[in-house]
Structure formats: C-alpha cells, structure tokens
Amino acid sequence: MLGKYTTIQLDHVKHVADLLSQKKIPELEVFEPVADFEELLEFVNIHPTPIQFSQNAVWKLESVAARIIEMLAISAHESLSEEEWITLTTILLEYTEYLYTFPDSKIDREILVAGGVLTLVGCVCSVLPQSELWRLAGYGRITSTLITVNPSPDDLHLILPIDVALSIANLQNLPVLNSTIDVYNRTLNHDFRHDNCIKFPLSDDDDVFSYLNLEIPELETVHASVNKNEILAAKFAYTEYRKEYVKAIDNTTSLDLNDDYSSVTAYLNCLLQLSINPTPPIYATTKLAIATILFPELRFREQLISLASRRYKWIIEAFFFKDGFHKDRTFKSQIDAITDFDRFLTFYNSIDDPPQYDCLEELKELIGKSTEACLYLCRPDSSFPTIDGEASKNDSNVTDLCNIPYSDRIRDDLTYILSSGKGGKLPNTLSYAMPDSGYFAMRDSWDSDAQYLFFDCGQLNNPKLDFHLFAHGRQLLTNYNNKIEDTTDITKETRWISSSGFDYVEGWIKTVDFEQKRCIFYPRGGYYIIHDLTLGNDEYRYEQTFSLTSNSEEKAEHKKESDIDLYWTESSGLSNIYVGVVNTNKISSELHQNQLLIKSEEKCPISTSLILFPMKLDSQSLPSISQVHVNSPIDVISSGFTIDYDNTVDLFLISDDGFTQMSTTVNGKRIEFEGEYLFLRGKHFIMLNAKYLKIETEVIVELDEPTEYHLNIS
C-alpha cells in the first residue's frame with residue numbers, strides 16, 4: 001500500500017525505523033505488548049492492509065488502533081533486526097494512514113480511540129511531514145468526541161494514548177490544538193498546559209503562511225516579505241499570485257474566486273476542518289480534491305491528493321452499487337453525488353498539468369452509470385419515481401442534471417428527453433434494468449404521453465416487490481408490498497428479459513416461512529400483466545393493496561364478468577386505469593374509495609394475476625378478459641386467460657413451477673405448449689423458458705432445449 005496510495009516512501013520508513021530502534025521515546029514503555037513481533041507478522045500476512053475501508057471486524061477503527069498500540073509496545077520492549085524494524089515500521093505507517101483516511105464511523109467511541117492513537121503516532125513520528133496532518137486530524141477527533149464518550153478512569157485504552165501523546169508533544173514542543181487542551185482538561189479533570197498552541201480557526205497571519213509552501217518559485221516575493229516580517233507586503237504579493245493563478249483556470253465564472261488573502265484564509269480554515277473530519281464523505285472528499293487543484297501552493301498538497309484518491313476509491317466501492325446507483329437508494333443522493341463528482345472533474349480538467357489521481361477512470365465510469373440511472377429511471381414527466389412511499393426524498397427532478405453549475409456537458413439523450421424529441425439524440429434503450437440496486441423500468445417510448453412502470457425489488461435488509469404505473473400523463477396505480485418484519489435468512493432473486501417487443505421482470509423474496517414471487521410481463525405499448533405467487537406455512541395469507549391513481553379522493557368503479565373482477569377509474573379529461581383481477585377461487589377483492597384490496601381466502605399456495613390497462617384520455621374502448629382452463633401435470637400450479645382488445649385476442653399461459661407441459665383450447669383451437677410463459681396473438685408469440693408450441697396440427701416452434709426467450713412478434 002505504501003508508495004502508490006500514500007505519500008510515505010521508503011526513506012520515510014527507514015527514518016522512523018531508525019528512530020524507533022534507538023528507543024529514544026521512553027514514554028512508550030507504559031504500553032505492554034500482549035503479542036510478540038512474530039505473532040504480529042503472522043497476523044499481518046493473513047490480513048494485509050486494504051486500500052479501502054473494510055467492514056471486516058479486523059479493520060474496524062478500534063481494532064486497528066489497538067494493533068498500532070501493540071506495535072508501539074513491541075518497539076519499546078523488543079530488540080529487532082534492521083529488517084524487522086523496517087517491517088514493523090511499514091505496518092505501523094500503513095495502519096496510521098488507514099486511520100487517517102477513514103474516520104467515518106458512526107460510533108463516537110471508535111472515533112475517539114482512533115483519534116487518540118493517530119495523535120500519538122503523529123507525535124512519535126514527528127520527523128515525517130505527514131505527521132502534522134495526522135496530529136491535526138487526531139486533535140480534531142478527540143475534541144469532537146471526548147465529551148460525548150466521557151470515558152471513565154478505567155478506560156485506559158481510550159485515555160492512555162491521549163495522555164502519552166500530549167506528554168510527547170510537550171517534550172518536543174509540538175503544536176497542540178487549543179480546543180483539544182480545553183476539552184481534555186475539562187472532561188478528565190486534568191491541568192495540562194502547553195504554550196505552543198494552534199488557534200483554530202486560523203487567525204494569526206503567521207499561522208496562514210505556515211501552511212503555504214513558500215519555497216515554490218511563484219511565491220518568491222511572498223517568501224521574502226514573510227522573512228522580513230513585512231506581512232502587509234506578503235499579503236499583497238500573495239493576492240497578486242492568486243489572481244494570476246485563477247485567470248489561468250478555464251471556466252472561472254463557475255469557481256469560487258479564491259484570489260485574495262482573506263478568501264484563501266477562510267478556505268484554508270474549511271480545508272483544515274475537512275482534513276480533521278471529512279464528512280459528509282462525498283462532499284468533503286470533493287472539497288479536499290478540489291483544494292489540490294485550486295491551491296498548488298499548499299504545503300500538504302501531496303498528502304491531500306493521496307487522501308482524496310484513496311477516499312474516492314472507497315466511496316465508489318462503499319457508497320454505490322455496481323450498476324451506479326447510490327446505496328442510500330434516493331435520487332437526491334444520486335444527484336448530489338453526480339454534482340460533486342462533476343464538480344471535481346471540471347476543476348481537474350481546467351488546468352494544464354493536473355496532479356495524478358489513481359481513481360480518475362473509475363470516477364468517470366461511475367458518473368456515466370449514475371447519470372444513466374437517473375435518465376432511464378425518470379418518468380415521462382421528467383420526475384423521479386417515489387421510493388419506499390416517501391415522496392419527500394424524491395423532490396429532485398431529472399432537469400437537475402442540467403443545473404449542475406460546474407458542468408457544461410449536457411448529454412444528447414438528456415436533451416432529447418427534456419425537449420420531447422425536438423433536439424438531442426434518442427436514448428439507447430427504452431426499458432432499463434438495475435439488478436444490483438433492485439430497480440427496473442418498463443416503457444414504450446420517450447414521449448411525454450408514454451406508458452411507464454417502475455418496479456422496486458429492494459435489498460436484503462429491506463426486501464420489497466413494489467411498483468407503480470405512470471402512463472399518459474399521470475400516475476395510475478401504486479402498490480407498496482407488505483413489508484417483511486424479520487429479514488433473518490432472507491434471500492432475494494431477480495430475473496430480467498428485454499427485447500424490442502416486450503419486457504419481463506421477476507422478483508423473488510424467500511424466507512424460512514414463506515416465498516413470494518412477482519412477475520411483470522409487458523408487451524410494449526399495450527398493457528401489463530402482474531402475476532403473484534405466494535408459498536408459505538398455514539398461517540401466512542396473501543394480502544395486497546393497490547391504489548388506483550395518486551388522488552385519494554378519486555373514486556373507482558367495479559363490476560364482475562364471469563370469473564373476472566374488473567375495476568376502473570373514469571375521470572373525464574384524464575387518463576384512467578382499467579384493472580382485471582383473474583379469480584383463482586382462493587382470493588377475494590374489494591374496493592374502498594380508490595384502494596383495491598386483494599387477499600387470500602385460503603392457505604398457500606396462492607397464485608393470482610392482474611391485467612393493468614392504461615387508458616388514454618377519454619378512451620371508450622374496454623377489454624374483455626376471460627379465464628381459460630389449463631391442462632398441466634397435477635403437481636404444477638398453472639393458469640391461463642385471454643384478453644380480447646382492439647379486435648385482437650391474446651392468450652396467456654403461466655406456469656409457477658418453471659418449465660412444464662401445458663395445453664388449453666381457445667375458440668375451438670387446441671394449443672400445446674412446453675415452457676414457463678406463453679403470450680400468443682394469432683400465430684405471433686413470445687415464449688419464456690420454452691421449446692415447443694403447437695396450434696391445432698401445426699408445430700410453430702420445436703427446439704432441442706428450452707431457451708430463455710423465443711419470439712415472433714411485430
């Protein structure tokens with residue numbers, strides 16, 4: 001890890017190793033080793049230091065801090081060979097960089113112990129240039145958590161590293177943050193005194209200039225004035241340097257013009273706070289990264305480049321699904337992240353010779369995926385779908401992608417969507433799958449009048465099979481699936497099939513007590529088939545509520561034809577929804593205002609199908625739905641129905657047990673089918689997981705093996 005992902009080099013390691021081997025810091029003798037060097041080395045060989053934050057218990061902040069104390073104890077009590085000192089020091093510095101880079105724990109106690117140990121190593125390794133930022137970060141974390149943790153005198157693993165660190169700082173006259181001294185004395189009832197204090201935020205001119213690398217040629221005049229203690233002249237010269245530097249950056253109208261001494265002082269204060277505690281992670285890391293571009297004169301620029309590079313790698317891994325969606329699962333978090341990433345890249349591209357960031361290509365790839373997720377999941381009115389039933393989390397809109405102030409790049413497909421096809425370029429696809437995030441979108445066009453269904457399968461810790469239908473200008477139907485209270489031993493599976501003529505998505509939720517499957521089949525531009533299967537013990541009952549339109553005051557109508565329950569809204573001048581519930585004799589359905597309740601009357605297994613027809617404005621043509629008898633093996637759950645609409649008759653055969661043999665007779669014609677799912681319109685068909693189809697005496701399809709899908713449909 002050292003070298004590529006930090007600014008620590010071999011000469012730094014050798015320098016610290018030599019220092020430790022001389023045992024010139026007797027204060028470390030208070031730490032007694034529990035293990036010896038060989039045991040430590042064996043552990044490290046099994047668990048090499050990661051370059052990203054790990055959720056493994058081995059890499060929790062408290063565990064890493066404890067192993068650092070162990071190494072310092074070994075250094076104080078053991079005699080090692082030169083090679084062993086190098087190895088011990090390398091591990092020590094790797095662990096220290098880990099604590100410095102990833103302080104993002106939600107537990108104050110962990111932040112405190114890591115802060116105390118980070119401060120201690122920063123004092124022990126004061127010969128290193130990195131130690132200054134380690135100490136500053138450690139001081140800040142102690143200050144922010146010591147009062148809330150309020151350790152007892154017995155919490156030596158929390159208190160002792162801080163005590164020793166401050167003792168070493170006193171002996172070496174290392175600067176200590178004044179707020180840390182105040183909190184330390186008040187919380188632990190101590191009387192620690194120290195003259196060399198860092199006042200924070202920065203107020204003295206000497207403090208500000210001390211954080212700048214006055215050795216660079218561009219600051220020669222500033223350096224000379226500081227040496228002569230001509231502070232006003234130094235400020236003037238520095239302001240002139242900043243103005244010239246800002247002029248050289250492209251797109252300066254989008255920058256905060258940090259071109260004078262006072263604005264740089266304010267920025268530096270913010271920067272130091274972020275280096276102490278870089279949260280919220282994405283925003284803070286972006287600010288740190290931008291600082292390395294806007295302020296090449298910062299004395300600790302290389303350390304910040306290293307810090308931001310590693311944290312970006314961690315953010316990509318820890319905060320996003322592989323498909324590019326934020327693990328917070330909100331569009332606001334998605335837009336905010338894209339904004340921050342775009343902001344950094346805009347600054348990065350604005351200078352001729354930017355610093356090297358190891359994460360750059362990964363970051364560009366993530367921005368592309370994240371932006372596509374917003375584009376392809378947006379509804380026909382450019383709004384984002386509601387997630388978890390909380391509209392307050394989704395007050396952002398796809399147009400927000402155009403309002404990112406630091407980006408002058410508006411994608412052609414976004415232009416097409418927002419201009420209703422009058423400009424830009426047609427998006428690459430209609431329907432879109434994000435199986436890692438659990439999101440799926442089905443649509444028939446990019447017009448504002450399009451049909452659109454959003455399906456949310458959730459995550460293992462919050463499984464769901466929610467969906468909502470938005471078509472012809474408004475939301476027509478919503479279902480938030482019954483929430484699972486106990487997610488122990490739960491599994492989740494999805495299946496997605498998409499072609500030019502249809503989309504199919506399937507989500508499974510499986511627990512110890514029950515299993516629930518939801519399939520959604522969509523012949524593009526027509527209607528949606530929602531098919532649910534529930535398996536479980538005798539106590540489990542199927543129950544679902546579907547909201548017809550988003551207007552709770554809008555009434556719906558009901559009638560029954562044969563074995564089919566039909567429900568619809570009939571608002572004049574608006575699009576409407578027409579729902580057919582295929583009755584399996586195991587369920588009942590009823591209407592309350594605009595709420596359609598479907599529940600099981602008998603124990604599992606329960607299989608039910610809903611046909612959802614989005615109706616255009618003032619549409620008068622209504623479909624006719626009829627159940628058909630399906631012949632299948634006795635142990636197979638199968639169902640079938642026909643939909644007569646717009647002078648066409650569609651047949652559906654569904655097996656809930658995967659590939660099987662099914663047959664039925666419709667309008668005097670015998671249909672034989674081997675597969676899982678059949679859509680048949682005349683001799684046009686879509687078959688899923690199937691290999692054989694025969695109509696009357698004509699074999700339409702005969703394959704050697706079942707295929708995922710096979711179709712002949714225009």
Sorted by chain and residue number, the ring pair (Phe, Tyr, Trp, His ring centres under 6.0 Å) partners of H629 (sequence neighbours excluded) come out as none
Any donor and acceptor pair, going by atom type alone, linking the side chain of N594 with main-chain N or O of N551 inside 3.5 Å?
-> yes
Check: F325 ring centroid to F320 ring centroid under 6.0 Å | no
G368 backbone acceptor or donor facing T371 side chain under 3.5 Å = no
Donor-acceptor pair, K691 side chain versus G675 backbone, under 3.5 Å?
-> no
For the pair S571 (side chain) and L574 (backbone), establish whether a donor and an acceptor sit closer than 3.5 Å, ignoring hydrogens and angles.
-> no
Pairing residues for F440 by the ring pair (Phe, Tyr, Trp, His ring centres under 6.0 Å) criterion, not counting sequence neighbours = W496
Supply the atom-to-atom distance H531 NE2 to T608 OG1, rounded to the nearest 0.5 angstrom.
-> 8.0 Å
Is the Y522 to Y527 ring centre distance short of 6.0 Å?
-> no
Rounded to the nearest 0.5 Å, what separation is found between the OG atom of S500 and the CD1 atom of I713?
-> 9.0 Å
Below 4.5 Å, heavy atoms only, C-beta onward: do I606 and L533 meet side chain to side chain?
-> no
R379 side chain to N397 side chain, donor-acceptor N/O pair below 3.5 angstrom = no
Is it true that atom OH of Y283 has more than 12 heavy atoms of other residues, nucleotides or ligands lying nearer than 6.0 Å?
-> no
Check whether the side chains of E708 and N689 place a donor and an acceptor atom closer than 3.5 Å, and report yes or no.
-> no
Do M687 and L693 touch side chain to side chain, with heavy atoms closer than 4.5 Å?
-> yes
State, with a plain yes or no, whether a side-chain heavy atom of L566 is found less than 4.5 Å away from one of I625.
-> yes
Counting only N and O atoms by type, is there a donor-acceptor contact under 3.5 Å from the side chain of S499 to the main-chain atoms of F502?
-> no
Sequence neighbours left out, what pairs pass side chain to side chain donor-acceptor pair (under 3.5 Å) with at least one residue falling in residues 415-429?
-> none
Pairwise distance OG1(T399) to CG(L414) - rounded to 0.5 angstrom = 8.5 Å
Counting only N and O atoms by type, is there a donor-acceptor contact under 3.5 Å from the side chain of H472 to the main-chain atoms of D449?
-> yes
Do the non-hydrogen side-chain atoms of Y528 and P614 ever get within less than 4.5 Å of each other?
-> yes
Expected output: side-chain Q451 to main-chain G526 donor-acceptor under 3.5 Å | yes
Taking only residues two or more places apart in sequence or in another chain, which ones pass side chain to side chain contact (heavy atoms under 4.5 Å, CB included) with T545?
-> Q595, L597
Close side-chain approach of D466 to F455, heavy-atom, < 4.5 Å | no
Would you mind checking if E698 and K683 are paired as a salt bridge, meaning a charged N to carboxylate O distance below 4.0 Å?
-> yes
Test log, rule ring pair (Phe, Tyr, Trp, His ring centres under 6.0 Å), inputs Y578 and Y567 | CA-CA 6 Å; Y578 190 83; Y567 302 88; 9.6 Å; no
Test item: side-chain donor near acceptor, N481 and Q544, under 3.5 Å | yes
Identified side chain to side chain contact (heavy atoms under 4.5 Å, CB included) partner of F546 from the options T478, V579, I598 | I598
Using the test side chain to side chain contact (heavy atoms under 4.5 Å, CB included), find all partners of T569 that sit at least two apart in sequence or belong to another chain.
-> R474, L548, T549, E554, A556, N576, I577
With sequence neighbours left out, which residue pairs that include part of residues 622-632 fulfil the salt bridge (charged side-chain N to carboxylate O under 4.0 Å, His left out) condition?
-> none
Could I get the full list of ring pair (Phe, Tyr, Trp, His ring centres under 6.0 Å) partners for F470, not counting sequence neighbours?
-> none
Paired with F679, the ring pair (Phe, Tyr, Trp, His ring centres under 6.0 Å) test is passed by just one of F652, F673, F641, namely F652
N/O donor-acceptor pair under 3.5 Å between S655 side chain and E676 backbone | no
Strictly under 6.0 Å, is that where the ring centroids of W568 and F613 end up?
-> no
Taking only residues two or more places apart in sequence or in another chain, which ones pass ring pair (Phe, Tyr, Trp, His ring centres under 6.0 Å) with H710?
-> F685
Any salt bridge (charged side-chain N to carboxylate O under 4.0 Å, His left out) pairs touching residues 560-579, not counting sequence neighbours?
-> K559-E561, K560-D565
Considering all heavy atoms, the nearest T386-F454 contact | O-CE2, 4.3 Å
N56, CG atom: more than 12 neighbouring heavy atoms under 6.0 Å | yes
Does any non-hydrogen side-chain atom of S589 lie less than 4.5 Å from one of L596?
-> yes
Flag if over 12 foreign heavy atoms under 6.0 Å of CD, Q459 | yes
For the residue pair P281 and W314, establish whether any side-chain heavy-atom pair is separated by less than 4.5 Å.
-> yes
Contacts of E674 meeting salt bridge (Lys or Arg N to Asp or Glu O under 4.0 Å) (sequence neighbours excluded), chain-then-number -> none
If a pair satisfies salt bridge (charged side-chain N to carboxylate O under 4.0 Å, His left out) and one of its residues is in residues 498-514, list it, with sequence neighbours excluded.
-> E493-K510, R495-E506, D503-R524
When you measure from the side chain of S431 to the backbone N and O of R443, does any donor-acceptor pair fall under 3.5 Å?
-> yes
Shortest non-hydrogen pair, P385 vs Y452, comes out as CG-OH, 3.6 Å
Salt bridge (Lys or Arg N to Asp or Glu O under 4.0 Å) evaluation trace for E365 with K369 | CA-CA 6 Å; E365 182 182 358; K369 287 181 179 179; 3.5 Å; yes
Side chains of T664 and N631 in contact at under 4.5 Å (non-hydrogen atoms) = no
Given the side-chain rings of Y312 and F344, with only the six-membered ring counted for Trp, is the space between their centroids under 6.0 Å?
-> yes
Which pairs, with at least one residue in residues 640-650 and sequence neighbours excluded, count as a salt bridge (charged side-chain N to carboxylate O under 4.0 Å, His left out)?
-> D650-R681
Polar side chain donor-acceptor pair, S632 to S638, under 3.5 angstrom = yes
Q334 and D328: side chain donor to acceptor below 3.5 Å = no
When you measure from the side chain of D323 to the backbone N and O of D436, does any donor-acceptor pair fall under 3.5 Å?
-> yes
